[in-house]
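Below is one structure, written out as structure tokens; the observations come after it.
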Protein chains: 2
Amino acid sequence: MAQDRAPTRIQKKNRAAILEAALEVFSQHGFRGATVDQIATAAGLSKPNLLYYFPSKEAIFKELLSGLLDTWLAPLHALDPQGDPMEEILGYVGRKLQMSRDYPRESRLFANEIVQGAPRMIDSLSTDLKNLVDEKVQVLEGWMAEGRIAQTHPRHLLFSIWSLTQHYADFDVQVRTLMGDEDPFTAAPAFLDTLYRRMLTPER
Amino acid sequence: MAQDRAPTRIQKKNRAAILEAALEVFSQHGFRGATVDQIATAAGLSKPNLLYYFPSKEAIFKELLSGLLDTWLAPLHALDPQGDPMEEILGYVGRKLQMSRDYPRESRLFANEIVQGAPRMIDSLSTDLKNLVDEKVQVLEGWMAEGRIAQTHPRHLLFSIWSLTQHYADFDVQVRTLMGDEDPFTAAPAFLDTLYRRMLTPER
DNA sequence: CGTGAGTTTGACCAGTTGGTCAAATCGAAG
DNA sequence: CTTCGATTTGACCAACTGGTCAAACTCACG
């Protein structure tokens, strides 16, 4: 078994390959629907070999989740209280949409988990995510109180950003089925930009 | 085996119980994550007894899906080309939100399936749903051309309605974790109403 | 080289799962 | 209350799945 010392060249390569393969398989089939054999094959390893690097299927999944949560929350972290409110929010929306385009598997991994009640994520949600959201909600409330953006329910505003942007990753099949040849990500940025600009511009 | 003639009293009762149980179990665990035994127990039957009414797990799932799709699309069907555009759209949003509140399991069932690539639904999507959407997109385009609602991408507008409303059902755990005691459905109607009113009111 | 830690694997195991089947039981019409 | 189709079930099976293990192999390093 891999010991506590510095990881070997092979260890680094294989652990990375496993996590990449696990992301692919878990995001497509969910935790229960994925098999260790599938992941091993996708990583170019035998099942026992994979289990030499990770003690169990659950361990792979947990490591994936915790490793990805930070990446996922980074755009919200970057929302700057000192910046221009409208630019900050539109920037956040844009970055979130970009992530749906660039990292759809990550989005679907979380979607799968949360739709099923987030049995393995509920802790992170009620601590890390909740703290971050509480913090940014205060920022939004400040902006609204100052009249720099229109008054709305800040939490629902955040939910709306998440749902609108992640929809393009999570419901990709449906979206593409209904858009035909047109790439959804062509018109989406302008659509969301207009939506939030109209919604958040203070009444004159 | 149940024959082609009129269904018995017992047949009716048990098939209904099975479908109800299947909705509960499938929506929580997805197709692969659900077991026939779980469904049978939830329906108050033994596994072989359940399989006396449905030939396979897959058959139960498919019947559930096709039976539910109509219900799910009904609110969009009801969008009346003759009505007042803003009222029609806001009404549609309201009805869709109501469905997320009243039928969250149905919403999660579809979400689960679509996130995983809709392997058992893609046909219905590309026929029934596509036709309905194409039809209603024309209605929306007509309203926009007449200047009765603001100009936007009609398909993205529909996507936005679906994602914003279904989010409250599909991501229920997350939403409730972040809202604490406050019921999400208290403020959601007003939030969405304002959002679409601001977004779709034509420039004066 | 040689050697020991690091890596890989075939064989295997126990538990789960979807599904079958013959036999037993039930229920409604005569 | 009999009878026959409808219903229910215990026992069973084959395939699959997560995980183990001892033996074999590989590789970096002295």
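Lettering follows sequence order; numbering is per chain, from 1.
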Hey, does the side chain of B/Q166 reach the backbone of B/S107 with a donor-acceptor pair shorter than 3.5 angstrom?
no

Does a nitrogen or oxygen in the side chain of [X] sit under 4.0 Å from OP1 or OP2 of [N]?
| X | N | answer |
| --- | --- | --- |
| A/Y52 | C/dT7 | yes |
| B/N14 | D/dT8 | yes |
| A/Y53 | C/dT8 | yes |
| B/Q11 | D/dT7 | yes |

Under a plain distance cut-off of 3.5 Å, with no hydrogens placed, do A/Y168 and B/S163 share a side-chain donor-acceptor pair?
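No, A/Y168 and B/S163 have no side-chain donor paired with an acceptor closer than 3.5 Å.
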
Can a side-chain donor-acceptor contact be found between B/Y92 and B/H77 if the only test is distance below 3.5 angstrom?
no

Rounding to an integer number of Å, can you tell me how far [X] [atom1] sits from [N] [atom2]?
| X | N | atom1 | atom2 | result |
| --- | --- | --- | --- | --- |
| A/F54 | D/dG18 | CZ | P | 16 Å |
| B/K57 | D/dA15 | NZ | C1' | 14 Å |
| B/L51 | D/dT7 | CG | C1' | 14 Å |
| A/N49 | D/dC21 | CG | P | 17 Å |

Of B/L50 and A/P48, whose nearest nucleotide on DNA chain D comes first from the 5' end?
B/L50

Just so I know, are the side chains of A/Y196 and A/M86 near enough to count as touching, which here means a heavy-atom distance under 4.5 Å?
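When only atoms from C-beta onward are counted, A/M86 and A/Y196 do not touch, as no gap falls below 4.5 Å.
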
Minimum side-chain heavy-atom gap B/L65-B/F31 below 4.5 Å
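No, their side chains stay 4.5 Å or more apart.
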
Which residues share a salt bridge (charged side-chain N to carboxylate O under 4.0 Å, His left out) with B/E135, sequence neighbours left out
none

Atom of B/F26, atom of B/N112 and distance for their closest heavy-atom approach
O-ND2, 3.9 Å

What closest approach, in Å, do B/W143 and B/D80 show between heavy atoms, and which atom pair accounts for it?
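Distance-wise, the nearest heavy atoms are CZ2-O, 3.5 Å.
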
Identify which one of B/F110, B/Y103, B/W162 satisfies the ring pair (Phe, Tyr, Trp, His ring centres under 6.0 Å) criterion when paired with B/W72.
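One option only clears the test, and that one is B/F110.
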
When you measure from every atom of DNA chain C, which of residues 28-47 of chain A have a heavy atom less than 4.0 Å away?
A/R32, A/S46

Would you tabulate the pairs of protein nitrogen or oxygen atoms and nucleotide nitrogen or oxygen atoms of nucleotides 24-30 of chain C closer than 3.5 angstrom?
| unit_1 | atom_1 | unit_2 | atom_2 | d |
| --- | --- | --- | --- | --- |
| C/dA28 | OP1 | B/R9 | NH2 | 2.7 |

